[in-house]
Amino acid sequence: MSISRRAVLATAGTALLSGCASSGTNVTGPNGTPSSLEVFSWWTEGGEHAALASLVSEFHVHNPHIDFINRAVAGGAGANAKAELARRLAAGDPPDTFQGQAGAMLDDYVDAGQLEDLGFLYQQQGWDRTLSGTLLQLTQRKGRQWSVPLDIHHINVIWANRHVCERAGVPTAPASVDDFVAALHKVAATGKNPLAISATPNEIWQVKHLMECLLLAGVGAAAWPALWRTGANWASPQVTQALEQLRTILALAVNPTAEVSWNQASAMVGRGDAAYQIMGDWTEASFVLSGLSPHLDYGWAPAPGTGEAFLFASDCFTLPKGAKDRDAAIAWLVECGSQAGQDSFTAVKGAIPPRAVIGESERGLFDVYSNWSMVEWTTKQVVGSLTHGVVARAAWNNAIDAALNQFVTTRDPARLQTALEAAAKQYAGAI
Ligand code: GAL
């Protein structure tokens with residue numbers, strides 16, 4: 001897909017979603033009964049909204065009789081959605097299906113007995129043969145399948161405004177963390193904001209996202225899983241160094257305590273108000289929607305020091321027990337697990353499909369960034385994200401958020417490391 005076609009698809013989809021998003025009007029299904037589908041997610045911004053709309057449009061090709069009710073709750077990385085979902089599940093009022101993230105985050109719902117086993121759909125649709133092995137494993141718990149992956153997102157990516165970097169004489173793809181810090185200083189000297197990031201309590205996940213990239217650079221991909229499985233190495237000098245780098249980098253960002261969503265931060269880079277952002281590849285979708293051109297206007301690369309690794313997350317959908325329209329929810333899951341559904345979503349979202357084999361002609365649907373990401377996925381060491389649900393459950397993530405909120409005030413890396421060690425002691429191995 002050329003960039004302009006991709007942007008057109010995204011825009012057309014957005015119009016469609018706005019049209020049907022909150023109508024809530026049930027329409028008649030094939031057997032004469034009303035059919036509506038309440039889909040819960042946190043996709044409200046930029047390319048997120050556009051990609052959801054594109055998926056809904058594809059869904060309606062196969063399910064014209066099902067009314068789509070959009071229950072997206074704003075807040076990047078589910079900052080508000082996760083709490084709202086927990087409230088609804090506790091009140092016995094589940095949506096028909098909700099966005100989850102493959103891995104530890106989903107295990108909380110499985111262990112609480114809130115999800116239906118999806119083994120029957122996996123069998124019927126043959127997904128155990130088509131899904132990427134990494135994801136197939138992550139959707140399993142207690143020997144059963146609990147979710148349907150829709151995408152693979154690349155988490156360790158640095159985005160750069162090419163023009164700002166050229167003017168400051170810095171690379172768009174700093175290879176090491178030291179190179180990155182040197183580049184941030186040079187950009188600062190030109191009067192531009194070196195790094196778009198927000199560190200308010202609501203946006204603390206952006207700092208966690210940056211921190212996990214620095215930690216990954218420090219400990220390396222081979223040692224990454226042990227941090228989460230056994231809680232090893234949290235006291236290591238590599239972690240100390242990564243947290244000191246976090247302090248240095250945060251100190252170079254202009255006004256990080258202003259409330260700025262990830263999408264607004266991406267727009268700062270896109271407009272040339274900031275040089276860099278370290279963020280997942282949903283940022284790419286927002287650049288495309290703003291009419292920017294890859295390579296010409298913006299560049300990307302593995303986050304500094306993480307070139308050996310592909311840090312990933314995968315959005316997936318579930319079947320909550322007690323879904324009001326179970327049949328409609330199953331139709332949605334079938335769409336999410338299908339090639340057409342995954343392509344319609346991922347090609348707009350900046351992500352890649354979660355299937356084991358992506359054919360040549362299918363690759364042609366994706367832009368230059370996503371094609372790069374597909375190659376990275378198959379050639380780099382794949383490791384799971386902290387911020388986006390793969391390696392740590394909600395309670396561990398919450399403890400890390402609390403430690404980071406303190407850090408934003410104290411700027412004391414030693415204290416942060418002590419808090420991270422304590423959290424690891426309490427939660428590691430729980431998966
Ligand atoms: C992630 C999610 C992505 C994207 C991002 C920003 O957690 O996996 O799909 O939406 O949050 O909100």
Side-chain angles (χ1 to χ4, degrees), residues 10 14 17 39-55 70-85 97-106 108 135 138-139 147-157 159 196-198 200 202-213 259-267 277-289 310-318 336 341-342 344-354 370 373 384-394 397-398 400-401:
T14 305
L17 182 58
V39 176
F40 188 97
S41 77
W42 59 82
W43 290 326
T44 60
E45 292 219 53
E48 294 180 333
H49 181 76
L52 177 59
S54 173
L55 175 61
N70 186 9
R71 287 283 184 252
V73 174
N80 307 314
K82 287 174 185 170
E84 167 65 5
L85 178 64
T97 182
F98 65 83
Q99 174 196 355
Q101 286 167 319
M105 180 215 165
L106 213 70
D108 283 328
L135 293 184
L138 283 184
T139 59
S147 66
V148 181
L150 176 62
D151 63 25
I152 294 168
H153 268 303
H154 204 155
I155 303 303
N156 58 318
V157 188
W159 305 94
I197 189 167
S198 177
T200 62
N202 212 33
E203 298 293 338
I204 200 66
W205 69 272
Q206 294 187 35
V207 180
K208 188 164 55 171
H209 189 121
L210 169 62
M211 180 184 76
E212 73 169 312
C213 291
E259 183 94 20
V260 174
S261 75
W262 68 266
N263 191 40
Q264 290 168 327
S266 302
Q277 183 182 22
I278 291 189
M279 187 43 64
D281 49 8
W282 41 89
T283 282
E284 211 263 338
S286 290
F287 285 161
V288 170
L289 272 181
F310 188 119
L311 186 66
F312 84 99
S314 172
D315 297 301
C316 55
F317 278 90
T318 58
C336 292
Q342 291 171 356
S344 72
F345 181 83
T346 52
V348 177
K349 186 87 174 350
I352 60 176
S370 292
S373 192
S385 165
L386 158 69
T387 312
H388 305 283
V390 184
V391 291
R393 287 181 182 231
N397 263 286
N398 292 342
I400 294 176
D401 290 348

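All ligand and atom numbering here is 1-based and tracks the order in the structure.
Nearest-residue assignment for atom 3 (C) of ligand 1 (options Lys349, His388, His209; heavy-atom criterion): Lys349.
Taking every heavy atom of His153 and a limit of under 4.0 angstrom, the matching atoms of ligand 1 come to 3 (C), 9 (O). Atom numbering of ligand 1 starts at 1 in the shown order; those under 4.0 Å from a heavy atom of Gly76 are 12 (O). Atoms of ligand 1 found under 4.0 Å from any heavy atom of Gln101 (numbered from 1 in listed order, with element): 1 (C), 2 (C), 7 (O), 8 (O). Per-residue contacts place Glu48 under 4.0 angstrom from the following atoms of ligand 1 (heavy atoms of the residue considered): 4 (C), 5 (C), 6 (C), 10 (O), 12 (O).
Annotation: atom 5 (C) of ligand 1 to nearest protein heavy atom, Trp282 CE2, 3.4 Å. Atom 2 (C) of ligand 1 has its closest protein heavy atom at Asp315 OD1, 3.4 Å.
A donor-acceptor contact shorter than 3.5 Å is absent between the side chain of Asn397 and the backbone of Gly389. Between the Glu212 side chain and the Thr387 main chain, a donor and an acceptor come within less than 3.5 Å of each other.
For the 3.5 Å distance criterion, the side chains of Ser266 and Gln277 qualify, holding a donor opposite an acceptor. Side-chain polar atoms of Glu284 and Trp282 form no donor-acceptor pair below 3.5 angstrom.
Of the polar atoms of Ala77, at least one N or O is found under 3.5 Å from an N or O of ligand 1, judged by distance alone. Of the N or O atoms in Trp43, one or more lie within a sub-3.5 Å distance of an N or O in ligand 1.
Of the options Cys336, Pro354, Pro149, a side chain to side chain contact (heavy atoms under 4.5 Å, CB included) to Gln342 is made by Pro354 and by none of the others.
If you take CG on Asn398 and CZ on Arg393, they are separated by 13.0 Å, rounding to the nearest 0.5 Å.
Classified by interplanar angle (parallel below 30°, tilted 30° to 60°, perpendicular above 60°), the ring pair Trp43/Phe345 is tilted.
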